[in-house]
**Q** 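First the structure, then my questions, so here it is.
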Amino acid sequence: MTETITGWLFDLYPNETNLTVWLIGEEGRRQRFFQDFAAVLYAAGPSTLLRQLWKWLMGQPIPVHLSRQERRDVFHGTIPVLSVEVLQPGKVDQIFREMVCAFPELSWYDADISIPLRYMARFDVFPLARVRLELRDETILRISPLDTPWELDPVPAPLRMLSLEPDCDPAHGETKELVISYERVRYSLPLEKAAALLVSLRADLRHYDPDVILTCWGDAWLLPRLAQASTESGVALPLNRDESQPVLERKEHTYFSYGQIVYRGRQTQLRGRWHLDQHNATLWGDYGMQGVLEMARVTRQPVQEAARLSPGTGISSMQFITALQRGILIPWHKHQAETPKSAMDLLRSDMGGLVYQPTVGLHREVGGVDFVSMYPGIMVRFNISPEVPRAKNDLEPTEGEPGIVPLTLAPLLNRRLALKSALLSMGKYDCRRPVYQALASAEKWLLVTCFGYLGYKNARFGRIEAHEAVTAYGREALLRAKEAAEELDFEILHMYVDGLWVHKPGCKTPADFETLLREIAERTGLPISLDGIYRWVVFLPSRVNGDVPVPNRYFGVFQDGSIKVRGIEARRRDSAPFITETQLQLLEILAQAPDADHLKEVLPRAQAYARKQLQVLRNGRVPIEQLLVAQKLSKELTEYSAPSPAVRAVRQMQAAGRAVRPGQRVRFLFTLGKPGVCAWDVPGVHPNPHTIDLPRYRTLFERAVRTVLDPIEQSVKGGVEAECLYLFPQPCQGSKTFARMVGEQ
DNA sequence: TTCAACCACTT
DNA sequence: ACCCTTGGTTGAA
């Protein structure tokens with residue numbers, strides 16, 4: 001007796017003998033099923049060794065199916081392999097470890113691919129895919145997808161969410177209460193009365209049966225704490241929906257991504273239910289739940305994994321899916337202890353992108369023209385992939401079988417283009433807008449990283465020549481764009497890697513740029529778009545040498561009044577919120593001018609605002625959190641040779657028993673006297689507001705204000721009284737002078 | 001005053 | 001162990 005049901009694929013993991021698969025049924029039931037699933041891996045090498053391996057495997061207790069096959073290796077063509085089919089998916093890692101030990105000389109393929117990823121590739125499904133199951137009792141006989149990860153508006157799964165939120169950041173202060181909320185329920189309980197809390201929470205879990213437990217600081221703090229309380233008090237807390245499985249812990253780790261060191265705290269994963277910690281999810285800040293689900297869909301990683309995925313892992317898993325589905329072998333990589341060159345290092349060292357010197361100052365009626373996902377676009381159009389042979393300096397589209405990289409990228413790129421064009425045509429207040437924006441930004445990361453991986457020596461599908469071909473065409477495309485613009489009498493104000501800023505008197509509607517865009521698209525074969533038309537844009541000079549332009553510090557206002565800011569204080573994550581806020585507010589005021597000619601009318605308001613904010617600062621009325629500076633620790637404390645403010649703050653934290661790992665942020669305040677900083681995340685220590693180093697904050701404040709106002713004032717000079725040019729007394733460097741100025745009030 | 005060390009941004 | 005874009009700031013020599 002078989003039956004068929006449909007629903008959303010929710011969770012998936014190996015159990016003792018086969019796989020557990022959770023489904024959210026069409027009609028809303030959460031159901032657990034089981035499915036037989038064999039994981040296949042391959043060994044290649046001398047036939048005698050393969051024969052020995054065969055014999056060795058026959059003597060193992062773990063059941064396997066063995067066969068000789070021919071498979072395709074990306075770099076070596078078709079090779080003979082021994083196929084090892086492990087019938088108990090949960091045992092793959094164990095048996096593989098033993099095989100490598102016994103036969104270290106053999107080459108291994110498809111060996112370190114997670115079970116969920118193998119499953120997703122085999123059945124072409126993904127987390128929250130709509131699927132049809134053919135069942136016999138609790139056993140899945142067949143699973144087939146009803147949609148693809150590339151739907152723009154997938155039918156949303158009816159997820160039940162329960163949120164757990166302590167009343168304050170446990171890293172910083174003393175948490176007393178836990179706020180529990182779901183649907184229309186919301187209440188809080190003291191954390192101290194553990195038994196009462198556990199009983200209540202258990203009742204909620206049983207009664208509401210959430211799919212998602214959404215927490216703040218749940219990974220490293222709340223859930224471990226609840227688990228411990230549960231053990232101590234004897235009150236069981238069934239966080240897992242699958243009570244036959246233990247709660248899973250993923251260890252903290254630090255990795256490089258795009259020239260940055262990144263820290264991921266430990267993670268607490270559930271089975272049959274998701275736990276998502278908003279403060280420990282890679283993309284949560286910018287994209288929220290939608291971003292995490294999108295990441296899971298396109299990378300096909302389980303949702304809890306997707307939540308803390310690095311873009312590199314994300315793009316790798318997409319390539320693995322492509323390879324698995326096409327029968328291309330995935331080489332096994334030992335994890336070498338060497339420090340990998342980051343993708344960003346490569347981008348820098350081979351001077352990948354073309355960079356131009358902008359014309360410093362304020363410009364009006366400027367078109368921002370961007371290639372959309374330029375590097376991925378190049379890889380797809382020119383079939384750039386490690387296994388596809390290339391003639392040198394060949395800049396023409398190639399014929400033939402698309403390679404792994406373009407095959408992986410094409411749907412992602414098309415999706416991003418589709419999202420972008422949907423965004424262009426939808427109204428400003430369309431409710432899908434924020435979602436689409438979140439999806440587009442989430443994918444941008446994957447696309448950008450894919451290019452980096454092409455030149456990354458540890459990537460399994462990398463090749464430096466392919467990487468160079470991409471940057472070479474990128475430079476060529478930008479130059480062709482420049483030529484096209486100049487032939488159409490546009491003035492080139494600036495070019496940067498994949499975008500250019502152009503001006504032509506009278507060109508201020510999208511229609512005025514249409515010919516240019518079409519011409520560039522035609523000459524380069526790459527998708528191009530109008531990022532927007534600026535009412536005005538300012539390219540900043542170097543601060544060290546005021547005559548020299550810098551390519552990536554600018555700000556401007558588009559015709560719809562929205563603001564674009566790059567490289568300046570407000571974009572730096574080590575700026576205090578008060579500084580960022582002031583700078584962005586200044587820009588908001590300036591954005592009220594309908595065009596550059598009206599800047600002189602709004603400038604006095606901006607100046608008055610700056611003066612007001614300065615007063616707030618001087619009077620000590622800025623909330624202390626607004627003055628917090630956050631910096632990322634780039635290495636172990638012992639590796640530092642200079643006692644930078646961040647290092648001094650970490651020392652304070654260490655003295656209080658708080659460890660900080662590389663990649664973690666250190667929050668601190670600048671204070672008067674030695675050591676000049678006060679670490680924020682030291683429990684029980686509350687900095688005295690009177691010791692705040694106001695002069696220092698004032699310097700930072702004025703710097704940020706001058707970045708924005710100086711160029712505007714210069715451009716409207718003549719029409720404005722001279723006294724307006726200097727908002728503040730001349731900047732003073734010595735702290736004594738500052739102390740006097742702050743004291744004078 | 002100079003300079004090495006350090007942080008962050010650009011995509 | 002090696003190389004390391006840019007701009008900018010900080011604190012010690």
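Keep in mind it's a predicted model, so treat the numbers as computed, not measured.
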**Q** Without decimals, in angstroms, what is the distance between A:Q631 CD and C:dT9 P?
**A** 13 Å
**Q** Tabulate atom names and distances for all N/O pairs under 3.5 angstrom spanning the protein and nucleotides 11-13 of chain C.
**A**
unit_1	atom_1	unit_2	atom_2	d
C:dG11	OP1	A:R648	NH2	2.7

**Q** Taking only the P atom of each, what is the distance from B:dT11 to C:dC4 in whole angstrom?
**A**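 B:dT11 and C:dC4 have their P atoms separated by 24 Å.
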**Q** Within the side chain of A:R535, is there an N or O that forms a donor-acceptor pair under 3.5 Å with the backbone of A:A591?
**A**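 It does hold such a pair.
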**Q** Are the ring centres of A:H503 and A:F490 closer than 6.0 Å?
**A**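 Aromatic pair excluded; centres sit 6.0 Å or further apart.
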**Q** Using a 3.5 Å distance criterion without hydrogens, assess whether the side chain of A:E486 forms a donor-acceptor pair with backbone atoms of A:E483.
**A** no
**Q** I want to know whether A:Y496 and A:W501 have ring centres closer than 6.0 Å.
**A**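 No, the ring of A:Y496 stays outside the 6.0 Å limit from the ring of A:W501, centre to centre.
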**Q** Can you tell me how the ring of A:F578 sits relative to the ring of A:F701, calling it parallel under 30°, perpendicular over 60° and tilted otherwise?
**A**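 Plane angle under 30°, so parallel.
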**Q** If only side-chain N and O atoms of A:R571 are considered, is one of them under 4.0 Å from the OP1 or OP2 phosphate oxygen of B:dT10?
**A**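 Yes, such a contact exists.
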**Q** Within the supplied structure, the quantity of interest is the number of heavy atoms (other residues, nucleotides, ligands) at a distance under 6.0 Å from A:K420 NZ; does it exceed 12?
**A**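 No - once you tally the heavy atoms of other residues, nucleotides and ligands closer than 6.0 Å, there are 12 at most.
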**Q** Could you give the distance separating C:dT5 and B:dC6 at their C1' atoms, to the nearest angstrom?
**A**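 Those two atoms are separated by 16 Å.
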**Q** Look at the side chain of A:R415 and the backbone N and O of A:W150, then say whether any donor-acceptor pair between them is shorter than 3.5 Å.
**A**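 Here the side-chain-to-backbone pair exists.
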**Q** B:dC9 P sits how many Å from A:F539 CZ, rounded?
**A** 20 Å
**Q** Could you tell me whether A:K635 sits above the aromatic face of A:Y640, with NZ or CZ closer than 6.0 angstrom to the six-membered ring centre and within 45 degrees of the axis?
**A** yes
**Q** So what does A:Y640 hit on the nucleic acid, given a heavy-atom distance under 4.0 Å: a base, only sugar-phosphate, or nothing?
**A** sugar-phosphate
**Q** Roughly, in whole Å, what's the span from CG in A:D574 to P in C:dT9?
**A** 11 Å
**Q** Going by heavy atoms closer than 4.0 Å, what residues in residues 547-570 of chain A are next to DNA chain C?
**A** A:V550, A:R553
**Q** Between A:S634 and B:dC7, is there a contact of a side-chain N or O with OP1 or OP2 at under 4.0 Å?
**A** yes
**Q** Distance check needed: C:dT5 P versus A:Y496 OH, whole Å only.
**A**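 After rounding, the gap between these two atoms is 14 Å.
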**Q** Could you state the atom-to-atom distance from CG of A:L700 to P of B:dC7 in whole Å?
**A**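 Rounding to the nearest Å, CG of A:L700 and P of B:dC7 are 16 Å apart.
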**Q** Atom CG of A:L500 to atom P of B:dT10: distance rounded to whole Å?
**A** 19 Å
**Q** What integer distance in Å separates A:E636:CD from B:dC6:C1'?
**A** 16 Å
**Q** Would you mind reading off the distance between A:M374 atom CE and B:dT10 atom P, rounded to a whole angstrom?
**A** 18 Å
**Q** For B:dC6, does either OP1 or OP2 sit under 4.0 Å from a side-chain N or O belonging to A:K635?
**A** yes
**Q** Can you see which heavy atom on A:P662 is nearest to which on A:Y263, and at what distance?
**A**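 Scanning both residues, the minimum pair turns out to be O-CB, 3.6 Å.
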**Q** Look at A:S641 and B:dA4 and indicate whether a side-chain polar atom (N or O) is within less than 4.0 Å of OP1 or OP2.
**A** no
**Q** With rounding to whole Å, what would you report as the distance between B:dA8 and C:dA1 at their C1' atoms?
**A** 25 Å
**Q** For A:R572 and C:dG8, is the shortest distance between a side-chain N/O and OP1 or OP2 below 4.0 Å?
**A** no
**Q** I'd like to know if the side chain of A:T322 and the backbone of A:M318 have a donor-acceptor N/O pair within less than 3.5 Å.
**A**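 Yes; at least one donor-acceptor contact below 3.5 Å.
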